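Since the structure comes first, as structure tokens, the remarks are kept for the end.
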Amino acid sequence: MPVRVRFAPSPTGFLHIGGVRTALFNWLFARNADGEFLLRIENTDRGREVEQSVEQIQRSLSWLGLDWDGEVAFQLDRLERHQEAARALVGEGKAYEDEGAIRFRMPDEGTTSWDDVIKGRIEFPNEKLEDVVLLRSDGRPTYNFASPLDDAEDAITHVIRGDDHVSNTPKQIRILEALGAPLPAYAHVPIVLGTDGRRLSKRHGAVSVEEFRAEGYLPEALMNYLALLGWSYDDRTELFPRDELVRVFTLDRVGAAPATFDYSKLEHLNGVYLRALPPEDYAHRLFAYLRETGFEGDEETVRAAAPLVQEKIARLGEFPSFAGFLFEPVAPDPVLLDGSAPVLAEARETLAGVDPFTAEQIEAELRSLAERLELKPRQAFQPIRLAVTGSTISPGLFESIELLGRDETLARLSAASGPGSPPDAS
RNA sequence: GGCGCAUUCGUCUAGGGGCCUAGGACGCCGCCCUCUCACGGCGGUAACACGGGUUCGAAUCCCGUAUGCGCCUCCA
């Protein structure tokens, strides 16, 4: 029997990073087995439905490269079949009417159990299973009825979902049995916690895929990180390109304990992916990202600056604060510039005569200038960096100067060394 | 409260009776490289929740306790 899994979010908001990980595990499992990955929207609670969320969910999955098979399904579209099934159960005495709603008759004795692919054997005493509502009085099915029914109809072989569904599972198993439907395998993946040890929520900084995207994370890095949250291949391998992940992923290596989301590790991994990009790709993706976020620098300069920042930043979103000086005027802190006027004036003079105006030539001449002035390289270069880039942190100084161009560089040096700059120039 | 699940460095994890004086990664600290920041290199800090068993031997098996999380909705 071919593997068939589904990701079944409710359209109650954006795709949360914990949900994405569940989707990822489903997708990896399906692709690894050459099976199918379906997307089903569980919208039986119309009241909580959030507009645009279905589009957003699809956009987030697509961005991450989690492609689904077939059309997106909507639970409510199968309303008739749900009602039919409920009526049949009532007819067989397995369910009964209760003030307009239909309830399922759960067994009172014995236990219901299954071998969870991730958590092992789980057993529930039947006396704890209440008679769940199948159909609300308005005729709409509830989640615990619609979900297993749809799974059966879609021939889902493995239900891979968050472990907050563990206690629903025995109920769904009983319903499926009453329906005479085959049981899928269940794999309950632990939830993702925020840094405060609580379930990840909006309190924890970025949690939606869109936010990570906006901050300049690469989808492949996020995927790699998410895969490592609760799953591991061995005791040392951490870098998994997408295809490799698909090849080696197995459910039995998913851990049973909840994991805490670690932003700094994600950032580290993102930096690794960013640095590994071929320079052309890097420039291209950097520019595409900046455009998306509304940054208005010209493409030529962005592309030229790309190699200067590739080794330096871990998120594309750091670009503006790091290389923004190439696109807009700077305002260096006069206090930090105090006493630097002489060096800056000398540098200005030197740079006025550098020819050709290349990083290599600029470096050579500024170094000899430092020597002449008997200054250590950093003593000479730091004020220049400040004057030219407006910050004590910047890409390589000489490359930056070359890119900025001679005129602008000289102007900035003048401005920083000119009268009125140092408060106590007299 | 009931039921369920979980519990190895701060975090993600390796580990499935002797290979563990517990390995890797992120973070953190120090040193080196160095025009700043990063990268890179080297070194360091740091964990088997607790208590009982089982066994010649337990991080690994069993029981209990504690703690955390989840569910207990005509939510999903």
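From a predicted model like this one, the values you see are computed outputs, not experimental measurements. Residue numbers start from 1 in every chain, and the chains themselves are labelled A, B, ... in the order their sequence lines are given, proteins ahead of strands.
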* Less than 4.0 Å between a side-chain N and a carboxylate O, is that true for Glu130(A) and Lys171(A)? -> yes
* For rG27(B) versus rU65(B), give the span between their P atoms, rounded off to a whole number of Å. => 41 Å
* Quickly work out the Phe240(A) CZ to rA25(B) C1' distance and round it to whole Å. => 12 Å
* Have a look at Tyr225(A) and say if it touches a base, only the backbone sugar-phosphate, or nothing, with a 4.0 Å heavy-atom cut-off. => nothing
* Euclidean distance, atom CG of residue Leu308(A) to atom P of rC39(B) [Å, nearest integer] -> 17 Å
* **Whole angstrom value for the distance that separates C1' of rC39(B) from CG of Asn270(A)** => 15 Å
* Asked: Considering only heavy atoms from C-beta outward, does the side chain of Glu402(A) approach that of Thr358(A) to under 4.5 Å?
  -> yes
* To do: Assess whether side chain to side chain contact (heavy atoms under 4.5 Å, CB included) is satisfied between Tyr143(A) and Asp45(A), documenting all intermediate values.
  => CA-CA 8 Å; Tyr143(A) 162 79; Asp45(A) 187 2; over 6 Å; no
Listed pairs, N/O of protein and of nucleotides 36-38 of chain B, under 3.5 Å:
{"residue": "rU36(B)", "atom": "O4'", "partner": "Gln382(A)", "partner atom": "OE1", "Å": "3.2"}
{"residue": "rU36(B)", "atom": "O4'", "partner": "Arg385(A)", "partner atom": "NH2", "Å": "3.4"}
{"residue": "rU36(B)", "atom": "O2'", "partner": "Thr392(A)", "partner atom": "O", "Å": "2.7"}
{"residue": "rU36(B)", "atom": "N1", "partner": "Arg385(A)", "partner atom": "NH2", "Å": "3.3"}
{"residue": "rU36(B)", "atom": "O2", "partner": "Ser394(A)", "partner atom": "N", "Å": "2.7"}
{"residue": "rU36(B)", "atom": "O2", "partner": "Ser394(A)", "partner atom": "O", "Å": "3.1"}
{"residue": "rU36(B)", "atom": "N3", "partner": "Arg385(A)", "partner atom": "NH1", "Å": "3.4"}
{"residue": "rU36(B)", "atom": "N3", "partner": "Ser394(A)", "partner atom": "O", "Å": "2.7"}
{"residue": "rU36(B)", "atom": "O4", "partner": "Lys312(A)", "partner atom": "NZ", "Å": "3.0"}
{"residue": "rC37(B)", "atom": "O2", "partner": "Lys312(A)", "partner atom": "NZ", "Å": "3.4"}
{"residue": "rC37(B)", "atom": "N3", "partner": "Lys312(A)", "partner atom": "NZ", "Å": "2.3"}
{"residue": "rC37(B)", "atom": "N4", "partner": "Lys312(A)", "partner atom": "NZ", "Å": "3.0"}
{"residue": "rA38(B)", "atom": "O2'", "partner": "Glu311(A)", "partner atom": "O", "Å": "3.2"}
{"residue": "rA38(B)", "atom": "O2'", "partner": "Lys312(A)", "partner atom": "O", "Å": "3.1"}

* **Side chains of Ser400(A) and Pro395(A) in contact at under 4.5 Å (non-hydrogen atoms)** => yes
* Mind checking the C1' distance from rG64(B) to rA76(B)? Whole angstroms is fine. -> 36 Å
* **Distance between P atoms of rG17(B) and rC61(B) (Å, rounded)** => 8 Å
* **Rounded interatomic separation in angstrom, taking CZ from Phe74(A) and P from rA76(B)** => 16 Å
* Determine whether Phe295(A) and Phe327(A) make a side-chain contact, defined as any pair of heavy atoms from C-beta on separated by less than 4.5 Å. => yes
* Asked: Taking any strand in view, what nucleotide pairs with rG16(B) in a Watson-Crick or G-U wobble way, both distances under 3.5 Å?
  -> none
* 5'-most by nearest nucleotide on RNA chain B - Phe398(A) or Lys119(A) -> Lys119(A)
* Go through the side-chain N and O atoms of Ser394(A) and Arg385(A) and say whether any donor and acceptor fall under 3.5 Å apart. => yes
* Asked: rC5(B) pairs with which nucleotide, Watson-Crick or G-U wobble, both distances below 3.5 Å?
  -> rG68(B)
* To do: Would you confirm whether Gln75(A), through its side chain, and Glu42(A), through its main-chain N or O, come within 3.5 Å as a donor-acceptor pair?
  => no
* **Any-strand Watson-Crick or G-U partner of rA38(B), both distances under 3.5 Å** => none
* Sticking with atom P, work out how far rA58(B) lies from rG52(B), rounded to a whole angstrom. => 13 Å
* Interatomic spacing from OH in Tyr233(A) to CZ in Arg236(A) - rounded to 0.5 Å -> 13.0 Å
* **Among rG24(B), rA6(B), rA76(B), the one nearest Ala257(A) by side-chain distance** => rA6(B)
* Say whether Tyr289(A) and His284(A), considering side chains only, have a donor N or O and an acceptor N or O under 3.5 Å apart. => no
* To do: For rC29(B) versus rA66(B), give the span between their C1' atoms, rounded off to a whole number of Å.
  => 33 Å
* Minimal non-hydrogen separation, Arg21(A) against Ile191(A), with atom names -> NH2-C, 4.0 Å
* Just by protein heavy atoms under 4.0 Å, how would nucleotides 61-75 of chain B read 5' to 3' in B, S and -? -> --------SSS--BB
* To do: Both distances under 3.5 Å, Watson-Crick or G-U wobble: report the partner of rU21(B), or none.
  => none
* Rounded distance in Å - NE2 (His268(A)) to P (rG24(B)) -> 15 Å
* Between Leu228(A) (CG) and rU13(B) (P), how many Å, whole number? -> 8 Å
* Report the distance from atom NE2 of His158(A) to atom CG of Asn26(A), rounding to the nearest 0.5 Å. => 10.5 Å
* **Whichever of Glu42(A) and Ser264(A) has its nearest RNA chain B nucleotide further upstream toward 5'** => Ser264(A)
* Structure fact -> Test side-chain hydrogen bond (donor to acceptor under 3.5 Å, both in side chains), reference Arg367(A), set Glu363(A), Glu371(A), Glu365(A), output is Glu363(A)
* Asked: Between Thr142(A) and Arg136(A), is any side-chain donor less than 3.5 angstrom from a side-chain acceptor?
  -> no
* Roughly, in whole Å, what's the span from CD in Glu365(A) to P in rC35(B)? -> 18 Å
* To do: Let me have a per-nucleotide readout for nucleotides 14-21 of chain B, 5' to 3', with B, S or -, counting only protein heavy atoms under 4.0 Å.
  => SS------
* Asked: Taking the same atom, P, in rA49(B) and in rU8(B), what whole-Å distance lies between them?
  -> 6 Å
* **Euclidean distance, atom CD1 of residue Ile57(A) to atom P of rA76(B) [Å, nearest integer]** => 15 Å
* Taking a pair as Watson-Crick or G-U wobble with both distances under 3.5 Å, which nucleotide is matched to rU55(B)? -> none
* Structure fact -> Using Watson-Crick geometry (N1-N3 plus N6-O4 or O6-N4) or G-U wobble (N1-O2, O6-N3), each under 3.5 Å, rC26(B) is paired with rG10(B)
* Inspect the contact between Asp154(A) and Arg40(A) and indicate whether a charged nitrogen and a carboxylate oxygen are less than 4.0 angstrom apart. => yes
* **Nearest-Å distance once atom C1' is located in both rU60(B) and rG15(B)** => 8 Å
* To do: Between rU55(B) and rC62(B), how far apart are the C1' atoms? Round to whole Å, please.
  => 12 Å
